[in-house]
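The structure under discussion appears below in the form of structure tokens.
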Amino acid sequence: MKKYLLPEGGKFYKANLHSHSTVSDGAWTPEEIKERYMSRGYSVVAYTDHHVMIPHNELTDENFVALNGVELGVNNIVDGYPAYKARKNCDICMIALTPDNLNQPCWNKKDNLPSCCDAAGKAIVERFGDALHYDDSRPSFVMKYDPEIISSMMQEARECGFFVTHNHPVWSSEEYTDYIGYDGMHAMEICNYGCVVEGHDEHNAKIYLSQLRAGKRIFCTANDDNHNKPTRKCDSFGAFTMIKAEKLEYTAITDALLRGDFYASEGPIIEKLWYEDGKVYVECSPAQAITITKMTKNVAAVFGEDSPITGASFDVAEDEGFFFITVTDEKGNKAYTNAYFLDDILR
Ligand SMILES: [Zn+2]
């Protein structure tokens, strides 16, 4: 029986699910982000400024959805922290599932501030504090760099109606022993282009695989994390998430995110992905290699040795746990499907 892993119906919408505007430390205004991303074929941008969730519903129209979000982060710097040690961060994007969900997730009630608000954050709050809303009934979070507290923050954001992603673990200097303890994310960034532009090897298929092998059923996104600082190479338009949804409306997009109806890419396009009688099939833009990664070591690859290939099929056995597909183009750019679990497919 044929089962579509990316839905057969609907339409793909190009999205950047992690961006910074002049609300925090980005150089482009929210309107400029909309205009410039739309001119490059994007239909969706999540505005995830640091510390504060400022809604941009006024930017949504029939050709564009502005998702409301925030990036909250915590680091392990304490007094006397030696400069030679790598500072660890944990940064999390939280995207509101509905446009009317205007309450800031995870707040520090005592100080009436977003959780883990540093001096830079306080300056932003001072500018935008009047626009912030909190839900009095939710618990207070005073953040610390601790996997248990980070997990509780992810869980809190989920309970408050947000799509939660764990961002750029390489930039954050997080090790296996750190991120393996995080529970509650919907997705992790398999590529973060802003970090790549800074010089980090922010291509995280191995980390994604580790999380999956540890039993987490999470998705992967690829994002710009654009700040558009004039002193640096442009960090927009390098990594994107292609969302397949019934229509271009706020909740149609977030429903597709929750279902995992998307793939992550640095360039290649995945057109179709389906499972049929023990095989997975992929159709894509011209590629130099297509590989399948699994829970088991039974991986496989197809190469376009003489000319590019535009599809492949791979055997997947019932007891192989999960798999994801990677498409690599001639420039070395990759697209990654989400992981699919055989027990879900065969249910
Ligand atoms: Zn960011």
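Residues take their numbers from the sequence shown, with the count starting at 1. One-based numbering, in listed order, for ligands and for the atoms of each.
Ring geometry, Phe262 versus Phe163: the interplanar angle exceeds 60°, so the pair is classed perpendicular (tilted spans 30 to 60°). Using a 30° and 60° split on the angle between ring planes, Tyr42 and Phe237 fall in the tilted class, from 30° to 60°.
Counting only protein atoms, the N, O or S atoms lying less than 2.8 Å from the Zn ion (ligand 1) are His18 NE2, His20 NE2, Glu71 OE1, Asp225 OD1, ordered by chain and residue number.
Lys334 and Asp329 are not joined by a salt bridge, as no carboxylate oxygen comes within less than 4.0 angstrom of a charged side-chain nitrogen. Remark: Glu156 engages Arg138 in a salt bridge, criterion side-chain N to carboxylate O under 4.0 Å.
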Between side-chain atoms of residues 120-132 and protein atoms elsewhere (two or more places apart, or another chain), which donor-acceptor pairs fall under 3.5 Å?
from	atom 1	to	atom 2	distance (Å)
Arg127	NH2	Thr22	O	3.1

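Although no hydrogens or angles enter the test, the distance criterion places no donor-acceptor pair under 3.5 Å between the side chain of Asn223 and the main chain of Asp225.
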